[in-house]
Amino acid sequence: MRNILHGITACALALLFSCTNERGMDASIPEIVGDGDTQAVNFSIQLPTPAAGQIGIEGTEQENEIKNIMVLAFMVDETDPNNVKEYYIYKAQGNSIQDVSTSSHKRFNVNIFKKDFKQRFVLIANAYGAVSNIGSQDSLRLKEDLLDDLMFENNFAWYATSDTEFTYIPMWGESEAVVIDDSDININPIKMLRAVSRIDVWLTTDEAKDDFMLDEIYIYNHLNEGKVAPYFADSDVWDSDNYIVNKVSLPSSYTKYCDPFNVKAKTESGENYIPAAYVFEAPSVESGKSSDATCLVIGGRYQGESSTTYYRVDFFERNSENDIVGFLPMLRNHIYRVNIVSVKGSGYPDPDEAFDSKSQNMDVEILY
């Protein structure tokens with residue numbers, strides 16, 4: 001870890017400081033490269049726990065898995081208390097990631113550079129590719145600018161409920177600002193936010209369970225790319241007090257796929273359900289533009305039919321009078337639970353026809 005900043009030459013430092021106006025750096029910012037001594041720091045993280053509207057209800061152990069975790073260090077400039085700025089200075093990799101009592105509480109350690117100013121640590125889990133190219137060329141970039149550039153892609157289904165094959169879910173979190181010195185330091189705990197939305201589908205009434213066998217779902221109009229971190233600088237997007245997003249944080253350009261991905265249902269302990277389907281954040285859509293909205297097509301068999309038929313289910317946004325005013329966005333770290341209440345007849349013969357048609361013969365309630 002000692003070599004993270006040693007590769008910055010005196011010439012490179014001169015260039016960095018000659019560009020302070022371009023980067024918006026204040027002249028009062030202290031020297032960022034010292035003797036390079038490091039201190040082992042223990043970090044503790046808390047993953048989202050079961051709560052209405054958030055991922056974690058009927059949670060899976062796999063969605064708590066962390067394959068890798070990177071720590072981005074930012075220098076905190078408090079010269080103007082009313083306009084605190086934070087600048088990137090180095091990155092380090094977390095070591096010895098392990099559970100603490102449960103899979104939603106983990107700890108790891110990192111070698112951190114000792115500095116006489118406050119540092120804030122941004123944790124990026126399961127998105128190594130998004131941060132791998134961050135280097136000395138990013139030194140002294142504002143935190144919000146650097147994090148806004150961190151993207152990840154997935155053109156296929158997220159598999160996060162299999163014991164043998166699953167896609168690790170990217171997560172983001174931040175520490176308080178602290179000074180790292182020679183003392184023993186434990187940073188506890190940092191709340192992590194998953195970067196994807198989750199969809200569950202359940203049969204919730206005896207009538208639905210008697211009349212319908214859930215086979216699969218297709219998700220239409222899912223995005224191929226997402227941001228690792230939300231727009232945390234915008235209070236309309238990020239509610240830091242409640243640690244929840246209220247609006248989407250979308251890449252400047254992305255592809256919305258009409259070609260759906262498929263998730264198969266499970267039948268366990270007498271329950272027939274889709275345990276977890278994950279998607280990138282997606283924007284809300286105006287009423288009347290159903291072909292652009294993220295939606296489900298549910299496949300199943302009505303009253304013992306031999307062939308699967310299909311039903312479109314929309315995530316409608318409603319006003320206080322319960323009138324439909326549009327289609328909901330898919331928000332990160334939120335769970336959208338689709339409860340099948342009743343099925344009145346067969347659906348359409350294939351998924352695409354159901355997507356192109358209005359919902360019929362299936363009553364659902366959506367909790368989010």
Side-chain angles (χ1 to χ4, degrees), residues 1-8 13 16-17 25-49 64 66-126 128 131 134-136 138-144 146-147 171-193 229 232 240-241 243:
M1 301 307 302
R2 237 171 243 275
N3 294 325
I4 291 177
L5 290 181
H6 286 182
I8 301 178
L13 279 173
L16 282 173
F17 282 92
M25 186 180 71
D26 294 336
S28 59
I29 287 180
E31 180 89 11
I32 68 164
V33 179
D35 59 8
D37 288 342
T38 62
Q39 172 74 359
V41 176
N42 297 313
F43 284 77
S44 171
I45 59 176
Q46 182 66 54
L47 278 62
T49 53
N64 289 335
I66 292 182
K67 183 179 183 180
N68 54 69
I69 191 162
M70 295 298 296
V71 178
L72 308 181
F74 293 84
M75 175 174 52
V76 180
D77 175 23
E78 298 179 308
T79 304
D80 181 356
N82 296 318
N83 187 26
V84 175
K85 296 181 179 180
E86 301 179 19
Y87 301 92
Y88 172 75
I89 46 179
Y90 63 89
K91 66 182 179 183
Q93 185 160 356
N95 304 303
S96 303
I97 304 168
Q98 55 188 290
D99 292 345
V100 180
S101 68
T102 68
S103 64
S104 63
H105 183 198
K106 300 181 188 294
R107 65 187 176 196
F108 63 96
N109 60 74
V110 187
N111 291 323
I112 297 296
F113 281 99
K114 293 185 285 187
K115 300 295 174 185
D116 59 3
F117 51 79
K118 287 183 178 179
Q119 301 180 61
R120 189 183 311 279
F121 304 107
V122 172
L123 309 187
I124 304 296
N126 297 335
Y128 181 80
V131 299
I134 296 176
S136 58
D138 296 297
S139 294
L140 304 181
R141 284 191 69 188
L142 284 168
K143 182 178 73 173
E144 54 264 36
L146 186 145
L147 295 186
M171 308 178 201
W172 157 87
E174 294 192 5
S175 75
E176 297 294 328
V178 294
V179 174
I180 303 299
D181 52 26
D182 291 325
S183 58
D184 291 335
I185 297 176
N186 295 291
I187 299 179
N188 302 315
I190 297 174
K191 293 181 179 180
M192 302 296 286
L193 199 76
F232 58 86
S240 58
D241 292 334
Y243 223 78

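What you see below is based on every heavy atom in this structure, not just the backbone, and it leaves out hydrogens, waters and symmetry mates.
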Compare all side-chain heavy atoms of [X] with those of [Y] and state whether any distance is below 4.5 angstrom.
X	Y	value
Ile180	Phe113	no
Asp181	Gln39	no
Ile112	Ile185	no

Working to the nearest 0.5 angstrom, can you tell me the gap between [X] [atom1] and [Y] [atom2]?
X	Y	atom1	atom2	answer
Ile45	Ile66	CD1	CD1	3.5 Å
Leu142	Leu147	CG	CG	10.5 Å
Ser240	Lys191	OG	NZ	10.5 Å
Leu146	Arg141	CG	CZ	5.0 Å
Met75	Tyr90	CE	OH	11.5 Å
Phe43	Ile187	CZ	CD1	3.5 Å

Seminar exercise, completed: In Val178, Val41, Ile190, the residue satisfying side chain to side chain contact (heavy atoms under 4.5 Å, CB included) with Phe121 is Val178

Which atom names give the shortest non-hydrogen contact between [X] and [Y], and what distance separates them?
X	Y	result
Phe108	Leu123	CZ-CD1, 4.0 Å
Ala73	Gln119	CB-OE1, 3.8 Å
Ile89	Ser139	O-OG, 4.5 Å
Gln46	Ser104	NE2-O, 3.1 Å
Val110	Gly94	CG2-CA, 3.8 Å

Problem set entry | Neighbour count above 12 (heavy atom, 6.0 Å) for Gln98 CD | yes

Hey, is the main chain of [Y] close enough, under 3.5 Å, to the side chain of [X] for a donor-acceptor pair?
X	Y	answer
Lys91	Ile134	yes
Glu144	Phe232	no
Arg120	Ser175	yes
Gln93	Asn68	no
Asn42	Asn186	no

Problem set entry | No-hydrogen, no-angle side-chain donor-acceptor test under 3.5 Å, Asn64 and Ser103 | yes

For this session: Look at the aromatic rings of Tyr88 and Phe74 and report parallel, tilted or perpendicular, splitting at 30° and 60°.
Result: perpendicular

